[in-house]
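The structure under discussion appears below in the form of structure tokens.
Because the structure is a prediction, the values reported are computed rather than measured. Scope of the values below: all heavy atoms of this structure, side chains included, with no hydrogens, waters or symmetry mates.
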Amino acid sequence: MGQLARTFDSLMQRYGFDSDLVRLVSSTTEIRVPVRVRRRYAEEQQLTHDISQTTAWFIVRRAELEQAGFPLPIKKGDRLLEDGVYYTAYVVEPLMDGPNVIGYRVRCIGD
């Protein structure tokens, strides 16, 4: 494990919070694993007159997902649960330490 990966793990332990990552497999089946995530920022986008959509970046560790048995990589449509609000992934970027994927940066839209 490189220095970047060690620093990444330390930041996740210190500043992350517990959440659930969910993948809907069918209308009646889902894969749900507890994960530690970091929320980067949020912004509210006005869609129409009285409707707004909240977007946020979340950071998730790959090793934790592998250990929990979540099928990788995170995909568009996967969901993160934060304080009772589901955020649906629409952009997923791998976080690299050299040639190794150490995590994912996931841009989500709040429900």
message: Could you go through Leu65 and Ile74, starting from their C-alpha distance and side-chain angles, then the distance that decides it, and tell me whether this counts as side-chain contact (heavy atoms from CB on, under 4.5 Å)?
response: CA-CA 9 Å; Leu65 293 173; Ile74 296 174; 3.7 Å; yes
query: Looking only at heavy atoms, what is the nearest atom pair of Phe70 and Val22, with distance?
result: CE1-C, 4.4 Å
- prompt: Taking all non-hydrogen atoms of both residues, which atom of Ala89 and which atom of Lys75 are closest, and how far apart?
  reply: CB-O, 3.8 Å
- prompt: Are Pro71 and Ile31 close enough that some pair of their side-chain heavy atoms sits under 4.5 Å apart?
  reply: yes
query: Mind checking whether Leu95 and Ile59 have side chains closer than 4.5 Å, heavy atoms only?
result: yes
message: Within this structure, what is the CG-OG distance for the pair Leu80 and Ser19, rounded to the nearest 0.5 Å?
response: 5.0 Å
field: Whether Arg62 side chain and Tyr104 backbone form a donor-acceptor pair below 3.5 Å
entry: no
message: Could you walk me through whether Trp57 and Glu93 satisfy the side-chain contact (heavy atoms from CB on, under 4.5 Å) test, starting with their C-alpha distance in whole Å, then the side-chain angles of each, then the deciding distance to 0.1 Å, before giving a yes or no?
response: CA-CA 10 Å; Trp57 282 101; Glu93 300 172 351; 3.8 Å; yes
field: Worked check of side-chain contact (heavy atoms from CB on, under 4.5 Å) between Glu30 and Val25
entry: CA-CA 5 Å; Glu30 67 180 27; Val25 179; 5.8 Å; no
query: Rounded to the nearest 0.5 Å, what separation is found between the OH atom of Tyr86 and the CG atom of Asp78?
result: 12.5 Å
- prompt: Considering residues, nucleotides and ligands other than Gln67, do more than 12 of their heavy atoms fall under 6.0 Å from its CD?
  reply: no
message: I'd like to know if Arg39 and Glu82 make a salt bridge, using a cut-off of under 4.0 Å between side-chain N and carboxylate O.
response: yes
task: Verify side-chain contact (heavy atoms from CB on, under 4.5 Å) between Val106 and Val91, making sure each step is shown before the conclusion.
output: CA-CA 6 Å; Val106 185; Val91 175; over 6 Å; no
message: For the CD1 atom of Ile102 and the CE atom of Met96, what is their distance to the nearest 0.5 Å?
response: 9.0 Å
Distance, nearest 0.5 Å, that separates CZ of Arg79 from CZ of Arg32: 8.5 Å
Distance in Å, Glu64 CD paired with Leu21 CG, rounded so as to fall on 0.5 Å steps: 10.0 Å
- request: For Phe58, enumerate each residue passing the ring-ring contact (aromatic ring centres under 6.0 Å, His included) test, keeping only those at least two apart in sequence or located in another chain.
  value: Tyr87
message: Can you tell me how far apart CZ (Arg36) and CZ (Phe17) are? Round to the nearest 0.5 Å.
response: 9.0 Å
